[in-house]
**Q** 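Dropping a structure here in structure tokens format, bear with me for questions.
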Amino acid sequence: MLRVYNTLTKQKELFQTVEPGKVTMYVCGPTVYKPSHIGHMVGPVIFDTVKRYLVRLGYQVRWVVNITDVDDKLIRRAAELNTTVKELAEKMTTDYVENLTKLNVTGIDAMPRATEHIQGMIDIMQGLIAKGYAYAASGDVYFDVMKDADYGKLCNRDPEQLEAGARIEVSDRKRSPGDFALWKSAKPGEPAWDSPWGKGRPGWHIECSAMSMSLLGKTLDIHGGGLDLQFPHHENELAQSESFTGETFSRYWMHNGLLKIGQSKMAGSVGNVVNVVDLLQKYSPETVRFLLLATHYRSPIEYSDERLAEVQKSLEGFYRFFERYERITKKSFFAITASTNVASPSEFATLRQSFLNHMDDDFNTGGAVGVLFELLSALNRFVDVSQLESGNGKPVDVATFEQGVGYLKELTDILGLFAKQIETPQTDEKSQQILSGLMQLLIDLRAEARKAKNFSLGDQIRKRLAEIGVTLEDRPTGTIWRKE
RNA sequence: GGCCCCUUAGCCAAGCGGUAAGGCAGUGGAUUGCAAAUCCGCCAUCCCCGGUUCGAAUCCGGGAGGGGCCUCCA
């Protein structure tokens with residue numbers, strides 16, 4: 001049974017959806033004014049994995065991630081770059097989507113833009129005003145936190161005390177400091193839309209209410225986002241949505257931990273961001289995704305170059321195993337279909353179950369990843385013990401082995417890892433032929449030297465190759481070579 | 001000042017009352033002509049102090065240190 005930690009209740013709850021068998025999930029996306037940094041990828045990778053697991057459990061999942069394409073930062077940045085808000089937003093959205101694709105985030109069903117839902121926002125605001133939860137003032141519209149009896153329930157905020165900590169310019173149009181803008185009257189030169197209160201643009205929180213209701217209905221099963229969005233964004237979204245519909249806005253609130261670089265979080269405001277595009281120059285998408293999933297999603301993730309290098313190193317064992325699998329079965333790991341049914345009890349099946357148990361416990365990918373390494377060891381051990389690589393393996397053992405590898409495929413699929421062969425820099429075919437020909441030539445010459453007990457020559461060949469980044473491995477079936 | 005959260009080996013990290021997963025690094029061994037790869041073994045009593053309990057890394061209280069939010073932020 002799947003249990004999910006709910007920020008609203010601060011405990012793990014049994015997962016039960018509004019509609020049996022179906023899950024609606026809304027995750028707050030970025031404001032597209034700058035190229036995305038790795039921090040922006042944490043949520044998408046995690047919730048992509050959440051979706052994969054839910055699908056694996058048999059749910060039909062519909063997942064929406066919004067794009068905020070109008071806001072102060074966007075307006076400012078567009079002015080700096082001497083471009084339009086629209087153009088800037090489109091460009092940065094493209095960047096965002098490309099990065100998601102590279103990280104194998106494939107589960108998003110819709111990415112609505114705030115500016116496409118202005119009418120929906122106006123409808124909600126009118127409803128809120130009619131019910132007395134919001135008021136218009138000089139072209140602005142504000143939500144009245146004092147009118148909302150349970151305002152602050154998500155983050156334990158007391159609207160009475162918001163005043164104390166209110167460091168913001170408390171607009172005199174507001175009735176109380178905690179009130180937040182649903183609609184902002186237009187200033188000259190800013191993007192603006194017509195509304196019953198005059199020309200203006202939406203406040204930050206209202207867009208998510210409008211988009212989620214329009215695409216997923218009044219009550220979401222899961223609402224997700226970064227920990228930093230809990231307050232005020234999610235608190236306000238919740239307040240305005242429930243005040244408007246009178247119904248529960250989201251059954252489960254899930255918040256992911258922030259990426260930590262050194263002692264503080266990575267954020268545009270701190271100025272310590274690493275762009276995804278730059279990062280992927282140095283490390284594979286697989287490495288990045290693995291890093292993000294190796295820690296429990298509610299904890300901060302330790303980010304550093306050393307950490308990335310460490311993760312990359314730990315992944316090499318998997319890639320070597322995939323090659324080993326190919327040597328034994330003549331099949332590519334990436335092409336096999338996952339075993340999902342447990343035919344007979346085995347060590348592999350036990351580990352598989354352990355992995356699934358971790359996922360059932362609030363999507364504990366950290367624990368699950370640990371099991372992956374155990375499964376890897378178990379499979380390698382099995383190959384050794386059953387002598388599968390020497391070609392003397394019994395058919396029964398080969399079958400058991402293939403099932404175990406099928407599990408590995410199944411589980412890595414859930415995490416969205418090892419979906420395809422790692423990409424290597426393209427070289428033309430002719431060069432490729434020459435390279436493999438030369439390598440074979442060297443391996444053959446070395447084999448002859450070793451046969452003649454001329455080990456010093458053999459070792460010299462190996463040493464010189466190592467110096468240029470080529471490793472030789474002498475295996476029962478012959479010598480193979482590998483870059484790096 | 002208010003509201004959350006964290007503190008597990010050199011580093012990263014799981015653990016949610018029954019006696020410390022996993023990875024990286026290190027180290028001993030099997031294998032190898034020697035290596036590489038693989039396998040096996042070793043490597044922590046869980047920030048401190050009290051308490052609850054037959055039993056606590058896990059629960060409660062206090063202390064120390066760190067982080068997040070209260071302003072834009074994934």
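Note that the coordinates shown come from a computational prediction; the quantities given were computed from them, not determined experimentally. All chains are named by letter (A, B, ...) in the order of the sequence lines, taking the proteins before the strands, and each is independently numbered beginning at 1.
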**Q** To the nearest angstrom, how far is A:D48 atom CG from B:rA74 atom C1'?
**A**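 Distance, rounded to whole Å: 15 Å.
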
**Q** Under 4.0 Å from any atom of RNA chain B, heavy atoms only: list the residues of residues 225-237 of chain A that qualify, in numerical order.
**A**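 Of all residues in residues 225-237 of chain A, the ones placing a heavy atom under 4.0 Å from RNA chain B are A:G225, A:G226, A:D228, A:L229, A:F231.
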
**Q** Taking N or O atoms only and anything under 3.5 Å, show me the protein contacts with nucleotides 43-47 of chain B, one pair per line.
**A**
none

**Q** Using both distances under 3.5 Å as the test, list the Watson-Crick or G-U wobble partner of B:rU27, or none.
**A**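 Partner of B:rU27: B:rG41.
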
**Q** Nearest whole Å is fine: how far is B:rA74 C1' from A:Y303 OH?
**A**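 One finds 16 Å between C1' of B:rA74 and OH of A:Y303, rounded.
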
**Q** Looking at B:rG2, I'd like to know if its phosphate oxygens (OP1 or OP2) sit under 4.0 Å from a side-chain N or O belonging to A:N156.
**A**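 A:N156 to B:rG2 OP1/OP2: no side-chain N or O under 4.0 Å.
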
**Q** Does any nucleotide pair with B:rC47 by Watson-Crick or G-U wobble geometry, both distances under 3.5 Å, and what is it?
**A**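 For B:rC47, the partner nucleotide comes out as B:rG63, under the 3.5 Å rule.
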
**Q** Please give the distance between the C1' atoms of B:rU45 and B:rA20 as a whole number of Å.
**A**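 It comes out at 7 Å once rounded to the nearest Å.
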
**Q** B:rG61 and B:rA56: how far apart are their C1' atoms, nearest whole angstrom?
**A**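 So the two C1' atoms sit 15 Å from each other.
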
**Q** Taking the same atom, P, in B:rC24 and in B:rG18, what whole-Å distance lies between them?
**A**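 Going atom to atom, P in each nucleotide, I get 29 Å.
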
**Q** Side chains of A:E402 and A:T329 only: does a donor on one sit below 3.5 Å from an acceptor on the other?
**A**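 Absent: no donor and acceptor within the cut-off.
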
**Q** Checking side-chain polar atoms at under 3.5 Å, does A:N236 have a donor or acceptor matched by the opposite partner on A:H205?
**A**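 Distance-only check passes for A:N236 and A:H205.
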
**Q** With respect to A:D72, which candidate in A:R77, A:K187, A:R201 satisfies the salt bridge (charged side-chain N to carboxylate O under 4.0 Å, His left out) definition?
**A**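 Option passing the salt bridge (charged side-chain N to carboxylate O under 4.0 Å, His left out) with A:D72: A:R201.
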
**Q** Among B:rA74, B:rC24, B:rC70, which nucleotide has an atom closest to any side-chain atom of A:R157?
**A**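 Comparing B:rA74, B:rC24, B:rC70 against the side chain of A:R157, the answer is B:rC70.
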
**Q** Answer yes or no: is there a donor N or O on one side and an acceptor on the other, between the side chain of A:D179 and the main chain of A:V145, under 3.5 Å?
**A**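 Confirmed, A:D179 side chain pairs with A:V145 backbone.
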
**Q** Now, which nucleotide makes the Watson-Crick or G-U wobble pair with B:rC3, with each of the two distances under 3.5 Å?
**A**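 For B:rC3, the partner nucleotide comes out as B:rG68, under the 3.5 Å rule.
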
**Q** Pick out the pairs of N or O atoms, protein on one side and nucleotides 32-36 of chain B on the other, that lie under 3.5 Å.
**A**
{"unit_1": "B:rG33", "atom_1": "N7", "unit_2": "A:R450", "atom_2": "NH2", "d": "3.3"}
{"unit_1": "B:rG33", "atom_1": "O6", "unit_2": "A:R450", "atom_2": "NE", "d": "2.7"}
{"unit_1": "B:rG33", "atom_1": "N1", "unit_2": "A:D459", "atom_2": "OD1", "d": "2.9"}
{"unit_1": "B:rG33", "atom_1": "N2", "unit_2": "A:D459", "atom_2": "OD1", "d": "3.3"}
{"unit_1": "B:rG33", "atom_1": "N2", "unit_2": "A:D459", "atom_2": "OD2", "d": "2.5"}
{"unit_1": "B:rC34", "atom_1": "O2", "unit_2": "A:R462", "atom_2": "NH2", "d": "2.3"}
{"unit_1": "B:rC34", "atom_1": "N3", "unit_2": "A:R462", "atom_2": "NH1", "d": "2.8"}
{"unit_1": "B:rC34", "atom_1": "N3", "unit_2": "A:R462", "atom_2": "NH2", "d": "3.1"}
{"unit_1": "B:rC34", "atom_1": "N4", "unit_2": "A:D474", "atom_2": "OD2", "d": "3.1"}
{"unit_1": "B:rA35", "atom_1": "N6", "unit_2": "A:D474", "atom_2": "O", "d": "3.1"}
{"unit_1": "B:rA35", "atom_1": "N1", "unit_2": "A:D474", "atom_2": "N", "d": "2.9"}
{"unit_1": "B:rA35", "atom_1": "N1", "unit_2": "A:D474", "atom_2": "OD2", "d": "3.4"}
{"unit_1": "B:rA35", "atom_1": "N3", "unit_2": "A:R462", "atom_2": "NH1", "d": "2.8"}

**Q** State whether a side-chain donor-acceptor pair under 3.5 Å links A:D362 with A:Y297.
**A**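 A pair is found: one side chain offers a donor N or O, the other an acceptor, under 3.5 Å apart.
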
**Q** For B:rA9 versus B:rG22, give the span between their C1' atoms, rounded off to a whole number of Å.
**A**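 Per the computed distance, 13 Å lies between those C1' atoms.
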
**Q** Specify the separation, in whole Å, of atom OH of A:Y297 and atom P of B:rG68.
**A**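 Rounded to the whole Å, the gap is 20 Å.
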
**Q** Got a second to check how far A:L154's CG is from A:R157's CZ, nearest 0.5 Å?
**A**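 So the gap between those two atoms works out to 9.5 Å.
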
**Q** Using atom NZ of A:K10 as one end and atom C1' of B:rC69 as the other, report the distance to the nearest whole Å.
**A**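 Answer to the nearest Å: 12 Å.
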
**Q** Between B:rG62 and B:rG68, how many Å separate the two C1' atoms, rounded to a whole number?
**A**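 Roughly 24 Å separates the two C1' atoms.
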
**Q** Quick one: A:I46 CD1 to B:rA74 C1', roughly how many Å, whole number?
**A**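 After rounding, the reported distance stands at 10 Å.
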
**Q** For A:R381, give me all partners under side chain to side chain contact (heavy atoms under 4.5 Å, CB included), at least two apart in sequence or on another chain.
**A**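 Listed in chain order: A:E347, A:S377, A:A378, A:V385.
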
**Q** Check every atom of B:rC12, B:rG67, B:rA13 against the side chain of A:Q263 and return the nucleotide holding the closest atom.
**A**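 The nucleotide sitting nearest to the side chain is B:rG67.
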
**Q** Please report the distance separating the P of B:rA13 from the corresponding atom of B:rG67, rounded so that it comes out in whole Å.
**A**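 It comes out at 15 Å once rounded to the nearest Å.
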
**Q** Any side-chain donor paired with an acceptor under 3.5 Å for A:Q11 and A:N6?
**A**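 Absent: no donor and acceptor within the cut-off.
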
**Q** B:rU38 C1' sits how many Å from A:F322 CZ, rounded?
**A**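 After rounding, the reported distance stands at 16 Å.
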
**Q** Between the main-chain N or O of A:T287 and the side-chain N or O of A:S284, is there a donor-acceptor pair closer than 3.5 Å?
**A**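 Looks like yes, one N/O pair under 3.5 Å.
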
**Q** Counting only heavy atoms not in A:K86, do more than 12 sit closer than 6.0 Å to its NZ atom?
**A**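 Not more than 12 within 6.0 Å, no.
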
**Q** Starting at the 5' end of RNA chain B, which residue's closest nucleotide do you reach first, A:E302 or A:H205?
**A**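 With A:E302 and A:H205 compared, the 5'-side residue is A:E302.
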
**Q** Got a donor-acceptor contact below 3.5 angstrom from the A:E235 side chain to the A:C155 backbone?
**A**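 Such a contact is found between A:E235 side chain and A:C155 backbone.
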
**Q** Please work out which of the three classes, parallel, tilted or perpendicular, describes the rings of A:F418 and A:Y319, given edges at 30° and 60°.
**A**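 Plane angle over 60°, so perpendicular.
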
**Q** With rounding to whole Å, what would you report as the distance between B:rG33 and B:rA14 at their P atoms?
**A**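 Roughly 43 Å separates the two P atoms.
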
**Q** What interatomic distance, in whole Å, is found between P of B:rC6 and the corresponding atom of B:rC59?
**A**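 Taking atom P in both B:rC59 and B:rC6, they lie 9 Å apart.
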
**Q** Side-chain donor-acceptor pair under 3.5 Å between A:S390 and A:R475, yes or no?
**A**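 On atom types as modelled, these side chains do not qualify, holding no pair under 3.5 Å.
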
**Q** Now, which nucleotide makes the Watson-Crick or G-U wobble pair with B:rU53, with each of the two distances under 3.5 Å?
**A**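 Per the H-bond distance test, none.
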
**Q** Hey, which sits more toward the 5' end of RNA chain B by its nearest nucleotide, A:F373 or A:R307?
**A**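 Mapping each residue to its closest nucleotide by heavy atoms, the 5'-most match is A:R307.
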
**Q** Which donor-acceptor pairs under 3.5 Å do side chains of residues 457-468 of chain A form with protein atoms, sequence neighbours excluded?
**A**
{"unit_1": "A:K463", "atom_1": "NZ", "unit_2": "A:E467", "atom_2": "OE2", "d": "3.4"}

**Q** Rounded to the nearest angstrom, tell me the gap between atom NZ in A:K260 and atom C1' in B:rU7.
**A**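 Interatomic distance, NZ of A:K260 to C1' of B:rU7: 10 Å.
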
**Q** With A:K12 as the cation and A:Y5 as the aromatic partner, state whether NZ or CZ is under 6.0 Å from the six-membered ring centre and within 45° of the axis.
**A**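 No, A:K12 does not sit over the ring of A:Y5.
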
**Q** Below 3.5 Å between N/O atoms, which protein atoms pair up with nucleotides 39-42 of chain B? Just atom names and distances, please.
**A**
{"unit_1": "B:rC39", "atom_1": "O4'", "unit_2": "A:D384", "atom_2": "OD2", "d": "3.0"}
{"unit_1": "B:rC39", "atom_1": "O3'", "unit_2": "A:R381", "atom_2": "NE", "d": "3.4"}
{"unit_1": "B:rC40", "atom_1": "OP1", "unit_2": "A:R381", "atom_2": "NE", "d": "2.5"}
{"unit_1": "B:rC40", "atom_1": "OP1", "unit_2": "A:R381", "atom_2": "NH2", "d": "2.8"}

**Q** In whole angstrom, what separates A:F318's CZ from B:rC24's C1'?
**A**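 The answer, rounded to whole Å, is 14 Å.
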
